[in-house]
Visitor: 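Below you will find the structure I want to go over with you.
Values reported hereafter were calculated over all heavy atoms of this structure, with side chains retained and with hydrogens, waters and symmetry mates removed. Protein chains get the first letters and strands the later ones, always in sequence-line order, with residue 1 at the start of each.
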There are 2 protein chains.
Amino acid sequence: MTQNHPKFRREPAEHRRDALVLATLALIAEQGVRGATVRAIADRANVSQGMIRYHFSSKEDLISAAYAHHMSHMTNLTAAPNVPDGASAKVRLAAFVEAGLTSPVVDPGSVSLWASFLNKVREDARMRQIHEQTYHDFRDRLEALIADALNEAKITTTPPQLRHLAIACNAVIDGLWMEGGALPSAFQPGELPEIGLQSVGAIIGVELQDTGSQ
Amino acid sequence: MTQNHPKFRREPAEHRRDALVLATLALIAEQGVRGATVRAIADRANVSQGMIRYHFSSKEDLISAAYAHHMSHMTNLTAAPNVPDGASAKVRLAAFVEAGLTSPVVDPGSVSLWASFLNKVREDARMRQIHEQTYHDFRDRLEALIADALNEAKITTTPPQLRHLAIACNAVIDGLWMEGGALPSAFQPGELPEIGLQSVGAIIGVELQDTGSQ
DNA sequence: TCCGTAACTATGCAAGCGTATAATTAAAAA
DNA sequence: TTTTTAATTATACGCTTGCATAGTTACGGA
């Protein structure tokens, strides 16, 4: 039996790193942190477990990379909804809120993933930095949208007021997202984005409507 | 050396269970789930590690008990603020919001604790039941306060509307609580309750004021 | 005062963990 | 082709984990 096929293939480092990160995220989402052992991760990525220490300096390092990947992915999903060119600020804000409160952003695995990471944020400085970075990134985008919407509605605000509005709206979105992911059966389909639009609208004083983009 | 003092004391089962639960909570709050090993827990509670399996059927069982304890504790802290008898519904609602957004409810350890448990909620049915129970309990109290405040302000709502308002206000509180705990340095003292009062007020359409009870 | 028993401790075990290291091998360079 | 080297696997080590089990001891009832 002459085996022609090689036992493994060499891949570019970045490709392997990505595969390991993706495997890590999938495992944590499905089984929680406990399920994400080096053996399970390597298995899921179809490599031997040595690859983790070859491509990352430690398992913690891989976890950090996975966290950064997941958070930026979620921010991107929320921040880049399908909105026509030249849409009004109000519509863009509404689309942002809706995108953050529907699938695939709202998802049990996604929330579980986020909660798993939150624990490590307290211990690990690198994780904390990623956390702060992502949080502020998300909130800044939201603040810019709110500023545009208020401007459009000819409502004037001071910077501190604007900041408070952004924090508040961010909290509503985060809270609804969390509850929707942690308790999927407690809400009807479409209920979360509806409540989100009403609440954000009430907070900033501009009525937001369903963009119908879902 | 005649040792008069006994090597250990016998305690009522409930007392020991409480001590183990408290030790578990303290450890998870300080060091995350990783730090809460049977040995560390027993050590903190000043008993041998066999006590965990003696008083609980497994470590998981202890964790569940700790979760239930923590959640009901937090709900009680939020729901029973120091408010004068015969206060208006508006004031009671404001006190509720404020209590949920100040120390000791807002606290890094508390959020870390909650996040640690959230992971287990997905896997374990018992944990899920505790989670749902606590969530609905908290939200129902909030909904009752909102109903009173609206009634007082002569604003009429339908039950579904009221439900939505409660979900939204709950989300703001949860979101702010979470961010305050996860990123303590990002907010000034008193900023969180202030934003909470403004937002909840805006959502239900009743202006809420600082109760000054802090 | 002396049992009886249930609360409690001490000790050990098997499994799983992250990590280290040496042996392989695919694939580019010569 | 042969050589080189870096990507990859294979294997093992030391440590920690939750759990089991046998032995010990406080303490109320006889």
Side-chain angles (χ1 to χ4, degrees), chain A residues 1-24 27-28 30-67 116 119-120 123-124 126-127, chain B residues 1-21 23-24 27-28 31-67 116 119-120 123-124 126-127:
Chain A
M1 175 180 168
T2 6
Q3 49 191 27
N4 252 356
H5 60 89
K7 291 186 176 177
F8 59 86
R9 272 194 22 217
R10 298 186 162 197
E11 302 274 353
E14 200 179 335
H15 187 278
R16 277 275 188 264
R17 286 176 60 96
D18 280 357
L20 287 170
V21 161
L22 259 37
T24 304
L27 279 170
I28 297 183
E30 287 170 19
Q31 314 176 30
V33 244
R34 287 189 67 111
T37 66
V38 289
R39 285 161 181 83
I41 294 169
D43 221 48
R44 166 81 68 132
N46 282 313
V47 292
S48 76
Q49 61 169 307
M51 295 303 282
I52 285 173
R53 288 269 304 149
Y54 186 78
H55 288 287
F56 297 88
S57 67
S58 70
K59 190 199 168 188
E60 282 297 286
D61 189 28
L62 167 58
I63 299 280
S64 293
Y67 182 48
S116 302
N119 293 316
K120 312 212 183 259
E123 309 160 11
D124 189 293
R126 186 136 90 297
M127 293 287 282
Chain B
M1 173 177 171
T2 5
Q3 51 191 24
N4 252 355
H5 59 90
K7 291 187 175 174
F8 59 87
R9 273 196 17 221
R10 299 187 162 194
E11 301 275 351
E14 200 179 336
H15 188 278
R16 277 274 186 265
R17 285 178 60 96
D18 279 357
L20 288 170
V21 161
T24 305
L27 279 170
I28 297 183
Q31 314 176 27
V33 242
R34 286 190 68 110
T37 67
V38 289
R39 283 163 182 82
I41 293 169
D43 220 48
R44 166 81 69 133
N46 282 314
V47 292
S48 75
Q49 58 171 306
M51 295 303 284
I52 285 172
R53 289 269 305 149
Y54 187 77
H55 287 288
F56 297 88
S57 67
S58 69
K59 190 198 166 188
E60 282 299 285
D61 190 30
L62 167 58
I63 299 281
S64 293
Y67 181 49
S116 303
N119 294 314
K120 312 208 184 263
E123 309 159 10
D124 189 291
R126 183 132 95 296
M127 292 287 281

Visitor: Near DNA chain D, under 4.0 Å by heavy atom, which residues of residues 14-21 of chain A?
Guide: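 The stretch gives R16(A) as the residues lying under 4.0 Å from the strand, ordered by number.
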Visitor: Pick the nucleotide of DNA chain D nearest each of E11(A) and A36(B); which residue has the one closer to the 5' end?
Guide: E11(A)
Visitor: Could you go step by step and tell me if M127(B) and E60(B) meet the side chain to side chain contact (heavy atoms under 4.5 Å, CB included) rule?
Guide: CA-CA 10 Å; M127(B) 292 287 281; E60(B) 282 299 285; 5.9 Å; no
Visitor: Want to settle it: does R34(B) or H55(B) sit nearer the 5' end of DNA chain C, counting the closest nucleotide to each?
Guide: H55(B)
Visitor: As a quick check of understanding, evaluate side chain to side chain contact (heavy atoms under 4.5 Å, CB included) for Y67(B) and D124(B), giving each step before the final call.
Guide: CA-CA 12 Å; Y67(B) 181 49; D124(B) 189 291; over 6 Å; no
Visitor: Quick one: E60(A) CD to dG18(C) C1', roughly how many Å, whole number?
Guide: 10 Å
Visitor: Testing the basics here: between S116(B) and V33(B), what is the closest heavy-atom pair and its distance to 0.1 Å?
Guide: OG-CG2, 3.9 Å
Visitor: Please state how far atom CZ in F56(B) lies from atom P in dG18(D), giving the value in whole angstrom units.
Guide: 15 Å
Visitor: In whole Å, what is the span from the CD1 atom of I52(A) to the P atom of dT19(C)?
Guide: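 My rounded result for the distance is 9 Å.
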Visitor: So, taking the atom named CD1 in I41(A) and the one named CD in Q49(A), what distance separates them when rounded to the nearest 0.5 Å?
Guide: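 Between atom CD1 of I41(A) and atom CD of Q49(A) there are 10.5 Å.
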Visitor: With sequence neighbours left out, what residues match R44(B) under side-chain hydrogen bond (donor to acceptor under 3.5 Å, both in side chains)?
Guide: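 Partners of R44(B) under the side-chain hydrogen bond (donor to acceptor under 3.5 Å, both in side chains) test: E30(B).
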Visitor: On DNA chain D, check which nucleotide each of G50(B) and K59(B) is closest to and give me the residue with the more 5' one.
Guide: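 By nearest-heavy-atom nucleotide position, the 5'-most residue is K59(B).
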Visitor: In Å and rounded to the nearest 0.5 Å, what is the CG to CD1 distance from L20(A) to I52(A)?
Guide: 5.5 Å
Visitor: To the nearest Å, give me how far apart CE (M51(B)) and P (dA10(C)) are.
Guide: 12 Å
Visitor: Rounded to the Å, how far apart are L27(A) CG and dC17(C) C1'?
Guide: 15 Å
Visitor: Return each pair, listed once, that meets side-chain hydrogen bond (donor to acceptor under 3.5 Å, both in side chains) where at least one residue sits in residues 9-18 of chain A; pairs must be two or more places apart or across chains.
Guide: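 Counting only pairs at least two positions apart or across chains, the side-chain hydrogen bond (donor to acceptor under 3.5 Å, both in side chains) contacts touching residues 9-18 of chain A are R9(A)-E11(A).
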Visitor: Determine, step by step, whether T37(B) and L27(B) satisfy the side chain to side chain contact (heavy atoms under 4.5 Å, CB included) criterion, reporting the C-alpha distance in whole Å, the side-chain angles of both residues, the deciding distance to 0.1 Å, and the verdict.
Guide: CA-CA 9 Å; T37(B) 67; L27(B) 279 170; over 6 Å; no
Visitor: Carefully, step by step, assess F56(B) and V21(B) under the rule side chain to side chain contact (heavy atoms under 4.5 Å, CB included).
Guide: CA-CA 10 Å; F56(B) 297 88; V21(B) 161; 4.2 Å; yes
Visitor: Rounded to the nearest 0.5 Å, how far does CD of E123(A) lie from CD of Q31(B)?
Guide: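 Atom-to-atom, Q31(B):CD and E123(A):CD are 8.5 Å apart.
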Visitor: Mind listing the residues from residues 38-47 of chain A sitting with a heavy atom below 4.0 Å of DNA chain D? Number order is fine.
Guide: R39(A), V47(A)
Visitor: Produce a footprint string for nucleotides 24-30 of chain D: one letter per nucleotide, 5' end first; B if the base is under 4.0 Å from any protein heavy atom, S if only the sugar-phosphate is, - if neither.
Guide: -BBS---
Visitor: Applying salt bridge (charged side-chain N to carboxylate O under 4.0 Å, His left out), name anything that partners D61(B), two or more places apart in sequence or on another chain.
Guide: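 If we apply the salt bridge (charged side-chain N to carboxylate O under 4.0 Å, His left out) test to D61(B), skipping adjacent residues, the hits are R126(B).
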